[in-house]
Peer 1: 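First the structure, which I've put down as structure tokens, then a few questions once you've had a look.
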Amino acid sequence: MNDLWTPDEHGDERPSNDSANPHFDDILAARFDRRGVLRGGLVAAIGGLFGTTILGAGVIPGAARADTAASRLGFNPVTVGLGDQIVVPEGYRAAAFIPWGTPISGAMPAFALDNTADDQANQTGMHHDGMHFFPIDIREGAPGSSEDGLLVVNHEYIEPRFLLASMAGGAFDAESVLVVDGIRNADDVRKEAMAHGVSVVRIKRQADGSWSVVADPRNRRITALTPMKLAGPVAGSDLVRTKYSPDGTMTRGTINNCANGFTPWGTYLTCEENWAGYFRNGDTADGKPNLPREQKRYGLPTEQSRYAWELAEGGPDEFIRFDASTKAEDAAGDYRNEPSTFGWIVEIDPFDPEAVPVKHTALGRFAHEGIVFAPAVEGKPLVAYSGDDSRFEYIYKFVSAKPYSAATAGAGLLDEGTLYVARFKADGTGEWIALSFGENGLTAENGFASQAEVLVNTRLAADHVGATKMDRPEWGAVDPQTGAVYFTLTNNTKRTQAQVDAANPRAKNAFGQIIRWTADGDDQAAAGFTWDLFVIAGDQAQSKVFTGAALGEESILACPDGLSFDADGRLWIQTDIGGSEQNKGEMEPFGNNQMLCADPATGEIRRFLTGPVGQEITGWTMTPDQKTLFINVQHPGETTSADAFKTGELASHWPDGGKAYPRSSTVVITRDDGGIIGG
Ligand code: FEO
Ligand code: CA
Ligand code: CA
């Protein structure tokens, strides 16, 4: 099998950017020189990057800062974690909540390994990722309830060996069970589809401070099969006409929902990240794969798809569509355009269980990690940022055509506007380049005959205008106090020395960095910005904060992924060191994946939480009073080898303990004294 059975890739797709955009040679020094003059410290930082000794051996600069009275971080850091448990600072508590399989709707079927697809359709899905807490009264005005709300959670992908274990008699064997004689069991496939998507769950805080699921008509599952509308410039175009929707206005399902966003009008946005691998296209010409550009540039497999849903027994229409090959029997309509109905950002109204989710094509088509909005300002355009998480892909910005108005909420704002892509220059400035039909060479002569073509081929359009190839853009976050925008660049071990540039300054970048920028004139819609690197991640010898200090024992981190600001301006950083790399080799110092908290003004960073074995920490949302923090633990035990799985020696049994299979789960974090988390 492909990705699924190679945990080191754990769902991340392989690079597919073959464009000839320039990489910047010899600009790193110039970049840091200028910024060093502007801010101080970064000239020193460059020395450490290239291995020269700036700090004396054994010096832990972070420790000296940890107890300063001015710190925004009001907790003592925890040490690197190795155990199969959650560890939080003294005075805090953490409890697993709504793990995979928790009943939320319908007949509320209890979790059991032999749950059916229908059971799964009324339970939380697998692999929790981005999420948001909507106070139950948010539509009636801010700040809303901190005791009662709708928690909306993404389920990014699945691990069939756990999802289907009981169906295989308790001893799941990937090679023999997943595909047999060229077909997959249709019930298995259906259960997998139901474990994808999004959960909407009404939750309430109890008198003892714990949280409970409440049966509520708004509780629902959105899955890989849920009908969805297409909106914006691509909707209704020839590019998305399918047998299911001959007029190109509908599609079914959302998949690989990674991070999320939430709108100023109280809806949820879920982002389709590594969707391409769910499809396949076997078309050939002259004996070679022959895929249309809107599939090739996104890396669609030419052999079997990731979970081989297209091989579901009996060829049910909703699964056969994952084969985008040309099929003679489909003369009356086919699914060659089906992949173009994925790669979008999807809006879900959690308060209306009848509302059909909407895919907003104006926001571009790529491996959307997440989306984050700049603060909405009455009378000004709405601005949002989204990263394309694949090696050498880009960071994008959307600016609405119409001004934001609280009175009219979201009507049309996400369907009409300008999509831009970022170019980071060596001198510490940057520019947003519009991906608009007829501008910047995006013309019919160059292969873009309409805005719909530009958007379906967002990556190709960004290639064409010379955007900066980044080290896997993951989450973005906007500082509520300064308006600065932060983005995690998680890693890129494929970058060569010749491809190094100022914003992506390391070859074979295993540890990642966090970039940040300030819009010119503090206008988020402006075409220009000024940027620097907030932190270059790594161990104590290979890391640098923008101040020039290295990370210390209390703050070393690798592969930053999740990123969020709380209302007080603390920056929360979550890590995702990939499956088989965790706790080995150069990743050994970092232990299990973790969450840290940073003061963006001083560069101080402290480790707040460490997770169990073989997982990543992701998802972040707080109640308005900042006294309950929800995060997610995704894919605990993913590091279990195939051999260990067969003998039951699982790497993790979190959260249930004993011999239980591990389950992705939300974690509720509170303070014993009822105070503000992190404060
Ligand atoms: Fe799904 Fe880029 O993490
Ligand atoms: Ca992620
Ligand atoms: Ca990641």
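Each ligand, and each atom within it, is numbered from 1 in the order the structure gives.
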Peer 1: Going by atom types only, do His360 and Glu347 share a side-chain donor-acceptor pair under 3.5 Å?
Peer 2: yes

Peer 1: By atom name, which N, O or S atom of Glu369 is the nearest to atom 2 (Fe) of ligand 1?
Peer 2: OE1

Peer 1: If the cut-off is 3.0 Å, does any N/O/S atom of Asp561 fall short of it from the Ca ion (ligand 2)?
Peer 2: yes

Peer 1: With Arg570 as the cation and Phe608 as the aromatic partner, state whether NZ or CZ is under 6.0 Å from the six-membered ring centre and within 45° of the axis.
Peer 2: no

Peer 1: Once rounded to 10°, what is the value of the angle centred on the Ca ion (ligand 3) between Asp576 OD2 and Glu474 OE2?
Peer 2: 160°

Peer 1: Please determine which of Thr361, Leu269, Val358, Leu414 meets the side chain to side chain contact (heavy atoms under 4.5 Å, CB included) test together with Ile345.
Peer 2: Leu269

Peer 1: Report the atom name of the nearest N/O/S atom of Glu474 relative to atom 2 (Fe) of ligand 1.
Peer 2: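 So the atom name we want here is OE1.
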
Peer 1: Here's a test for you: under ring-ring contact (aromatic ring centres under 6.0 Å, His included), which of Tyr486, Trp572, Trp620 qualifies with Phe565?
Peer 2: Tyr486

Peer 1: For the Ca ion (ligand 2), what is the closest N, O or S atom on Glu369?
Peer 2: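 The Glu369 atom nearest to the Ca ion (ligand 2), restricting to N, O or S, is OE2.
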
Peer 1: Less than 3.5 Å apart, any donor N or O on the side chain of Tyr157 or Asp129 sitting next to an acceptor on the other?
Peer 2: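 No pair is found: no donor N or O on one side chain lies under 3.5 Å from an acceptor on the other.
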
Peer 1: So which N/O/S atom does Asp389 have closest to atom 2 (Fe) of ligand 1?
Peer 2: OD2

Peer 1: For atom 2 (Fe) of ligand 1, find the closest N/O/S atom belonging to Glu273 and write down its atom name.
Peer 2: OE2

Peer 1: May I ask you to check whether Tyr307 and Asp188 show a side-chain donor-acceptor distance below 3.5 Å?
Peer 2: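 No - no donor-acceptor pair under 3.5 Å links their side chains.
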
Peer 1: Measure from the Ca ion (ligand 2) to each N, O or S atom of Glu156 and report whether any distance is below 3.0 Å.
Peer 2: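 So Glu156 does not count as coordinating the Ca ion (ligand 2).
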
